[in-house]
Amino acid sequence: MKKSSIAVAVLLIITVLAGCASKASENRQGQNAKELVLDIPKDTEGMEVTKTVDEQNDALVSALRFIEPGVGTGNQNGFYYLAGESGEETDAAGNPYINIRYIDYQSRQDIFLCNRPNCNHDDENCTSYIQTGWQRSAILLAGEEQLYLICNPYGSVTFSADGDMSQEQNIPTVYTMNLDGSNRKKIVELESGCELQSTQYLENGDKLYLVLSKSELKADGNNTTAVRTGQELVEVDTQKKSVRTVRDFLYQDIIGVWNQCAVIRQCHYDKNPDEMTDSEYMAAFDQLPVTIATLDLESGETSTLFETDYRSTDELTMDRDNIYFGKAKSGTLNRYDIQTKETTVVTNELPDGYIGSVIDGRIICNCDNGAALNAEFTDSFSLDVETGEITKRNLDIEKPHSPVEILADAGEYYLVTSDYIYEEEISWAGTEQINIKKFIRSLILKEDFWQSKANFLAITEQGGAQ
């Protein structure tokens, strides 16, 4: 599982909190009078869709794609993401909503996913509008030929007016739409009481694969808690509008894809970890057996690649035929070649940090000061996976101090977060806090990125420059 390298981590999952609604700003009226007309192809047959940062095997003939969205996902033309904290703005009926935005690489414009002139983007007539409700979140995925919108319950437990706790009844729902936001359709409603457990997804043509978690309420004296009872990998067929369970997926996660199969990590507990004491859990975790395997999505059957322990996969990623893994703070990163079944050492000098995905033959390793709470970013390095050469990166955001990070592959460029707009506050404890209000996104030539040259091409946001 990948770890965030900076204190400010951004999730695409938009959290919805009751009671934090405010009126939509009146100055949104008419702001769209001179906005761009979207030129996003509705028919993408034959389009070669490039990988997002965390996708795998982009060069394979296989249609199977691994999507791990971060702040958004994209294709060769642009990048899609959700904007607005749900509950921050409400429509005329008082419903909280968010919007889909699209960054077009060619024009370097960040716009609402909407073609209507003079649109305020605050009602159902707008293709960018998403009404989330008070107890739901939204996840947006860019597929090869369509967009997926998943509305997911926020948590599996809710409180009634009298304070009693009950199982959340919001149902995860999957929608599809064209790449320009039009033709939004409800595909399926998933099982009540479930929620998305993972931000890892697979797409294969008309099929989307999701990890769903199930839970139930258990009383222990005066305390009642929601305990996870199961987890499944399910297939959503968007043409047949059907749902099929692929297999039990408890204590498992997706690493990537290879040869039409998912590549997964399986953790083997001898006792339900939810029933362990803290000391039992830590003891079991230190020696937890792990299997790295391929998973046939049709049959649900797995085939073991290699076995190890969990600590040896603290750092874990893959690209094409190779799985990279290593123990945190050990300095060693190994490579397992799926074709040859051989394990080799990439380096014994990996900096003490956290690795990300393989991007154009390099792995970025970000380091922090090791503080248990509020760890602060310190340094960033890139590792050439072929030569083992490690290079220090000097492309940082000054405040809050963090690395310039890649969001998507944009041909000869990368789309990156290049800066923040923020506010400084003093907390109740007298400490300084930085609240990020906006993320500045830019394009940068790949060569300039790896050589730490801050030659950013600005992205202009609809309604004003970022």
Side-chain angles (χ1 to χ4, degrees), residues 1-7 9 54 56 66 68 198-200 251-256 258 262-271 273 276 278-294 302 304-338 340-359 361-373 375-393 403:
M1 251 175 230
K2 302 176 180 69
K3 305 177 182 69
S4 176
S5 60
I6 59 174
D54 288 316
Q56 312 295 328
F66 175 47
E68 193 173 23
S198 171
T199 56
Q200 301 168 324
Y251 314 130
Q252 301 174 61
D253 59 310
I254 304 169
I255 305 169
W258 180 79
V263 180
I264 64 174
R265 172 173 57 183
Q266 301 171 302
C267 299
H268 305 291
Y269 291 95
D270 57 10
K271 180 181 178 181
M276 295 182 185
D278 290 344
S279 58
E280 287 176 333
Y281 179 79
M282 293 307 299
F285 194 72
D286 285 337
Q287 303 176 42
L288 182 64
V290 162
T291 300
I292 305 298
T294 57
T302 61
T304 298
L305 295 175
F306 64 94
E307 296 177 336
T308 183
D309 60 272
Y310 189 89
R311 291 298 188 194
S312 295
T313 61
D314 283 339
E315 307 296 349
L316 181 63
T317 189
M318 74 169 291
D319 180 59
R320 305 180 191 275
D321 296 332
N322 298 306
I323 300 171
Y324 299 89
F325 64 101
K327 187 175 182 179
K329 304 182 185 301
S330 70
T332 299
L333 187 69
N334 304 294
R335 171 173 47 220
Y336 176 84
D337 188 313
I338 301 176
T340 66
K341 298 180 171 51
E342 293 180 352
T343 300
T344 55
V345 175
V346 178
T347 181
N348 285 314
E349 300 178 354
L350 188 70
D352 185 6
Y354 308 112
I355 69 170
S357 299
V358 183
I359 305 170
R362 299 177 179 90
I363 295 177
I364 293 176
C365 179
N366 292 323
C367 307
D368 56 41
N369 60 9
L373 296 174
E376 296 179 353
F377 164 77
T378 55
D379 294 301
S380 183
F381 301 86
S382 66
L383 167 66
D384 187 309
V385 296
E386 292 301 322
T387 66
E389 180 182 0
I390 297 173
T391 305
K392 190 176 187 305
R393 298 176 59 235

**OP:** Check step by step if side-chain contact (heavy atoms from CB on, under 4.5 Å) holds for I264 and I255.
**Re:** CA-CA 5 Å; I264 64 174; I255 305 169; 5.7 Å; no
Just how far is it from atom [atom1] of [X] to atom [atom2] of [Y], taken to the nearest 0.5 Å?
X    : Y    : atom1 : atom2 : answer
M276 : M282 : CE    : CE    : 11.5 Å
L288 : C267 : CG    : SG    : 5.0 Å
Y324 : I355 : OH    : CD1   : 10.0 Å
D319 : I359 : CG    : CD1   : 10.0 Å
L316 : I292 : CG    : CD1   : 5.5 Å
R265 : I323 : CZ    : CD1   : 11.0 Å

Mind checking side chain to side chain contact (heavy atoms under 4.5 Å, CB included) for [X] and listing every partner two or more places apart, or none if nothing turns up?
X    : value
T332 : S330, N334, V345, N348
T308 : V290, F306, S312, T313
T304 : T291, E307
T340 : D337, E342

Quick one: list whatever passes side-chain hydrogen bond (donor to acceptor under 3.5 Å, both in side chains) with [X], sequence neighbours left out.
X    : result
Y269 : none
R362 : none
N322 : none

**OP:** Please answer whether the main-chain N or O of I254 pairs with a side-chain N or O of Q200 as donor and acceptor at a distance below 3.5 Å.
**Re:**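 Yes; judged by distance alone, with no hydrogens or angles, the pair exists.
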Subject >> Side-chain donor/acceptor of D314 to backbone N/O of A328, under 3.5 Å >> reply: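 Pair found, side chain donor or acceptor close to backbone of A328.
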Subject >> Closest non-hydrogen atom pair, G353 against E315 >> reply: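 Of all heavy-atom pairs spanning G353 and E315, the closest is O-OE2, 3.1 Å.
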**OP:** Check G256 against F66 and note the closest heavy-atom contact, atom names and distance.
**Re:**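 Nearest pair, atom of G256 first, then F66: CA-CD2, 3.6 Å.
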So [Y] and [X], do their side chains get closer than 4.5 Å, heavy atoms only?
X    : Y    : value
F325 : L333 : no
I390 : P351 : yes
K271 : E280 : yes
I364 : F381 : no

**OP:** Decide yes or no on side-chain contact (heavy atoms from CB on, under 4.5 Å) for C367 and Y354, but give the supporting numbers first.
**Re:** CA-CA 6 Å; C367 307; Y354 308 112; over 6 Å; no
**OP:** Check salt bridge (charged side-chain N to carboxylate O under 4.0 Å, His left out) between K341 and all other residues, then give those that pass, not counting sequence neighbours.
**Re:**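 Expected list: none.
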Subject >> N366 and S380 side chains, donor-acceptor separation under 3.5 Å >> reply: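 Their side chains do contain a donor-acceptor pair, which is all the 3.5 Å distance test asks for.
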Original post:
Can a salt bridge be assigned to the pair K329 and D352 using a cut-off of 4.0 Å between side-chain N and carboxylate O?
Top reply: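 Between D352 and K329 there is a salt bridge, with a charged N closer than 4.0 Å to a carboxylate O.
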**OP:** For side-chain contact (heavy atoms from CB on, under 4.5 Å), just list the numbers for L383 and V346, CA-CA rounded to whole Å, side-chain angles, deciding distance to a tenth of an Å, and then say yes or no.
**Re:** CA-CA 9 Å; L383 167 66; V346 178; 4.0 Å; yes
